[in-house]
Protein chains: 2
Amino acid sequence: MSRVAYVNGRYVPLDRPSVHVEDRGYQFADGVYEVIAIEAGAPVDEALHLDRLDYSLAELAIAWPMSRAALKVVMREVVRRNRITARGIVYLQVTRGVAPRNHAFPADVPPSLVLTARPLPAIDAAVVRAGVRVVTVPDLRWKRADIKSVSLLPNVLGKEAAVRAGAYEAWMVDETGRVTEGTASNAWIVTAAGDLVTRQADHAILNGITRRMVHAIAAEHGIRPVERPFTLEEARTAAEAFLTSTTSLVRPVVRIDDAVINDGRIGPLTERLLTFYLEHVRSAPPAPRPARTTDVGAAT
Amino acid sequence: MSRVAYVNGRYVPLDRPSVHVEDRGYQFADGVYEVIAIEAGAPVDEALHLDRLDYSLAELAIAWPMSRAALKVVMREVVRRNRITARGIVYLQVTRGVAPRNHAFPADVPPSLVLTARPLPAIDAAVVRAGVRVVTVPDLRWKRADIKSVSLLPNVLGKEAAVRAGAYEAWMVDETGRVTEGTASNAWIVTAAGDLVTRQADHAILNGITRRMVHAIAAEHGIRPVERPFTLEEARTAAEAFLTSTTSLVRPVVRIDDAVINDGRIGPLTERLLTFYLEHVRSAPPAPRPARTTDVGAAT
């Protein structure tokens, strides 16, 4: 089945070029994005994702391309047109718009909005539980990783280093030897003393929605995460380690470079958090049936 | 006149969407670019720009989208189709290509190539000599500014801060208080002792082609630039200051934040270097007439 994208007011075949050469997303990485999971055809933690989108847009002084309500309708229409009735993801990108190339913000240009969606296979808990390996790379990123911008080149290079090493993810290490996060996920450890630790959400990391949900769910179950930087050495000698993201869920990390974690198996606290998180994902309320209008979000 | 772009093997109207949503330049800033001046219809310092393109591509392991010879032909054809017979610029962008969104490098995907061009008014030496103001901003960029990538969001934010302050450019200052460069230009000062100083070309700055030419031209005239980091305080108290870039040429800086440089006028060494550089630009050899083929660079 050919996929459908929403691009600036129209639903178009994904394989048809639909972005302008002078879109500032293309020439300047001047845009932001979100990746939202779909379960049973409905978005997971949609409100949190749209709140974060609002934060990213505000930090860059990019206007909302349409109302939040309209965006929710478009998101559901993209899901419907791509026939995602079970699991999948929606990708949403907003850029500062199209203007003759010039670094400074253009005046009176509407932002660009693109949405795509694709189905994913159902979650296989056994595969998730088996865990993954991570390698470590220097954190080369800019100083505002809290903004979910499309300025992802260092993340790309880090992930490629992971893949070449046969690993699933790369954890990035800052100049002081502390782990910031993964290239597309947040990093967590359980110390020998039993503390659940993840770096505080400052400008050095993206405050992941899954990170926030795991934090909240853990607290509900009486587990209080400690938010502080942790060193690579702490991670290598941790009792447990895992990573979180929209598509990775709660994913045990069983090796960090050459250091085997918990004998290469999911740890007990990670197991509990994964179970809680899967319950959360699967209990997401079904989305209301969207209106089948195509007027919403017509380009202005 | 409507402008024409070259996009992946075709010459298309610039105002027609021609880039894929899943082009990695759009979703990951996974690409590089060059801006090349045109004088008398011919590219200026073309070989140096193509050498730097080669460096940027190699650092990111992106293949050349076509041979260097073919790219030179396409560049001339874009200049011709946009009727740039006097001064102008060519913008050239290469990305890792189009692939389903995934941070790691895709396999067997051809890189994307886009070229645009636009005319510029003839150089007005009096305007250039009048000089410009710069403000300073923290350098928020990633740690590989030597790669001319489209990962330009911090540069965009810096330039916008300059424009909002009524300035021409923002000089970026690192955590140690040293100036790295401008958001789209290199930074130079002349110290009270008469030393011509610009930061050495390491990973913290882009090694500008105009920077290199000015360096070479200065040396030809017995002026030996000192390549070292300089502090913001040194800059504020400098005898002269200027910035260099393809479009800014050698541009006197007459104010840095609230510090007036050389009583607000172009300094004597800057004046000499500007004169030498304009001679260089204007003496660029005329381009050979391009073959009028449209086969070159057909998409593969």
Side-chain angles (χ1 to χ4, degrees), chain A residues 3 5 7-8 12 14-31 33 35 60-61 89 91 93 95-96 98 100-105 114 116 118 138-144 147 149-164 175 183-184 203, chain B residues 3 5 7-8 12 14-31 33 35 60-61 89 91 93 95-96 98 100-105 114-116 118 138-144 147 149-164 183-184 203:
Chain A
R3 289 170 58 201
V7 183
N8 296 325
V12 296
L14 180 63
D15 58 12
R16 186 192 300 166
S18 52
V19 173
H20 199 282
V21 161
E22 291 191 317
D23 188 299
R24 292 177 61 94
Y26 198 57
Q27 296 191 324
F28 290 114
D30 191 6
Y33 73 106
V35 176
L60 298 181
I89 50 169
Y91 174 83
Q93 179 170 347
T95 76
R96 202 180 303 279
V98 175
R101 189 175 182 283
N102 182 349
H103 286 64
F105 300 174
V114 169
T116 62
R118 65 172 196 249
D139 191 341
L140 301 178
R141 296 174 303 162
W142 76 315
K143 296 190 173 69
R144 290 302 306 274
I147 300 170
S149 81
V150 293
S151 196
L152 291 169
L153 183 50
N155 307 59
V156 161
L157 299 177
K159 181 71 98 167
E160 177 67 12
V163 168
R164 281 179 181 263
E175 286 163 338
T183 66
H203 285 181
Chain B
R3 289 169 58 201
V7 184
N8 296 324
V12 296
L14 180 63
D15 58 13
R16 186 193 299 167
S18 52
V19 172
H20 198 282
V21 161
E22 293 191 316
D23 188 300
R24 292 178 61 94
Y26 197 57
Q27 296 192 322
F28 291 114
D30 192 6
Y33 73 104
V35 176
L60 298 180
I89 51 169
Y91 175 82
Q93 178 170 349
T95 76
R96 201 179 304 278
V98 175
R101 189 176 183 280
N102 183 346
H103 286 64
F105 300 173
V114 169
L115 285 93
T116 62
R118 66 173 195 246
D139 191 341
L140 302 178
R141 296 175 304 162
W142 75 314
K143 296 189 172 68
R144 290 302 305 275
I147 300 170
S149 82
V150 293
S151 197
L152 291 169
L153 183 50
N155 307 61
V156 162
L157 299 178
K159 181 71 96 167
E160 177 66 12
V163 168
R164 282 179 181 262
T183 67
H203 286 182

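All chains are named by letter (A, B, ...) in the order of the sequence lines, taking the proteins before the strands, and each is independently numbered beginning at 1.
The choice from A:Val19, A:Thr183, A:Leu152 that makes the most heavy-atom pairs within less than 4.5 Å of chain B is A:Val19. With chain B as partner, the option from A:His20, A:Arg164, A:Arg141 having the largest number of non-hydrogen pairs under 4.5 angstrom is A:His20. Ranking A:Glu160, A:Lys159, A:Lys143 against chain B, the residue ahead of the rest is A:Glu160, based on heavy-atom pairs under 4.5 Å.
Taking the side chain to side chain contact (heavy atoms under 4.5 Å, CB included) definition, one finds that A:Ala5 meets it with A:Val7, A:Val12, A:Leu14, A:Thr116, sequence neighbours left out. Legend: residues meeting salt bridge (Lys or Arg N to Asp or Glu O under 4.0 Å) with A:Arg101, ordered by chain and number and at least two apart, are absent.
Interface remark: B:Val163 contributes side-chain atoms only to the contact with chain A (heavy atom separation under 4.5 Å). Contacts between A:Val114 and chain B at a heavy-atom distance below 4.5 Å involve the side chain alone, from C-beta outward. Both the backbone and the side chain of A:Phe28 come within less than 4.5 Å of a heavy atom of chain B. Contacts between A:Asp139 and chain B at a heavy-atom distance below 4.5 Å involve the backbone alone (N, CA, C, O). For A:Gln27, the parts sitting under 4.5 Å from any heavy atom of chain B are the backbone and the side chain alike.
The shortest distance between side-chain heavy atoms of B:Tyr26 and A:Thr95 falls below 4.5 Å. Residues A:Ser151 and B:Ser151 have side chains in contact (heavy-atom distance under 4.5 Å, counting atoms from C-beta outward).
Taking a cutoff of 4.0 Å between a charged side-chain nitrogen and a carboxylate oxygen, B:Arg3 and A:Glu22 qualify as a salt bridge.
Taken to the nearest 0.5 Å, the CG atom of A:Asp30 stands 7.0 Å off from the CG atom of B:Leu157. Atom CG of A:Leu153 and atom CZ of B:Arg96 lie 7.5 Å apart (nearest 0.5 Å).
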Quiz item: Can B:Phe105 and A:Val156 be said to form a side-chain contact (heavy atoms from CB on, under 4.5 Å), step by step?
Solution: CA-CA 7 Å; B:Phe105 300 173; A:Val156 161; 3.7 Å; yes
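Closest heavy-atom contact between A:Trp142 and B:Leu140: CB-O, 2.9 Å.
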